[in-house]
Amino acid sequence: MTTLETKLTTQERDATKLRAAHARPFRPHAIWAIFKRNLLSYFSSPTGYVFITLFVFLSSVLAFWQSQFFTNNLANLDQLNRYMPYLLLIFIPAITMSSWADERRQGTDELLLTLPA
């Protein structure tokens with residue numbers, strides 16, 4: 001053992017184990033702060049409203065465009081469930097690319113990359 005290394009006592013070792021046992025894998029207040037900042041940034045410009053309008057319009061087209069919705073005489077959205085993954089494949093990357101670009105521009109992307117979430 002070198003002079004810089006110290007040996008932990010039993011009490012310190014138990015305290016470290018106790019802290020590790022009660023540690024949460026993520027910090028809810030940090031995630032809430034990031035969520036709130038991103039949500040406010042989406043609606044401070046027209047981009048958020050354009051994305052919401054396009055999403056609602058395209059999902060309603062996918063749900064009601066086919067005549068199968070009306071001929072089944074059932075109140076379910078099987079047509080929408082069939083095409084929703086493809087719609088989300090377009091919208092989710094578009095939204096996350098803009099948030100990653102904002103994080104990189106502000107220099108706070110290191111915070112997101114090091115969060116243990």
Open item on the list: By the definition side-chain contact (heavy atoms from CB on, under 4.5 Å), identify the one residue from Ile52, Thr96, Leu58 that meets it with Phe91.
Closed with: Leu58
Open item on the list: List the residues meeting side chain to side chain contact (heavy atoms under 4.5 Å, CB included) with Thr47, not counting sequence neighbours, and say none if there are none.
Closed with: Ser45, Phe51
- [ ] Tell me whether Trp100 is reachable from Leu40 by hopping between hydrophobic residues (I, L, V, M, F, W, Y) whose side-chain heavy atoms are closer than 4.5 Å.
- [x] no
Task: Within 6.0 Å of CH2 in Trp65, more than 12 heavy atoms from elsewhere - done: no
Task: Pairs where residues 46-69 contributes a residue and the test salt bridge (Lys or Arg N to Asp or Glu O under 4.0 Å) is met, not counting sequence neighbours - done: none
TODO: Using the side-chain hydrogen bond (donor to acceptor under 3.5 Å, both in side chains) rule, collect all pairs that involve residues 80-92, keeping only residues at least two apart or in two chains.
DONE: Gln66-Tyr83
TODO: Please check if Ile92 and Leu62 belong to a single hydrophobic cluster, counting links between Ile, Leu, Val, Met, Phe, Trp and Tyr side chain heavy atoms closer than 4.5 Å.
DONE: yes
Open item on the list: Applying a strict under-4.5 Å side-chain criterion to I, L, V, M, F, W and Y, I'd like to know whether Met84 and Phe57 cluster together.
Closed with: yes
Task: Pairs touching residues 29-57 that satisfy salt bridge (Lys or Arg N to Asp or Glu O under 4.0 Å), sequence neighbours left out - done: Arg37-Glu103
- [ ] Indicate the atoms forming the closest heavy-atom contact of Ala63 with Leu80, along with that distance.
- [x] CB-CB, 3.9 Å
Open item on the list: Are Met97 and Leu54 linked, directly or through intermediate hydrophobic residues, by side-chain heavy-atom contacts shorter than 4.5 Å (ILVMFWY only)?
Closed with: no
- [ ] Using side chain to side chain contact (heavy atoms under 4.5 Å, CB included) as the criterion, list what pairs up with Leu39, not counting sequence neighbours.
- [x] Phe35, Phe43
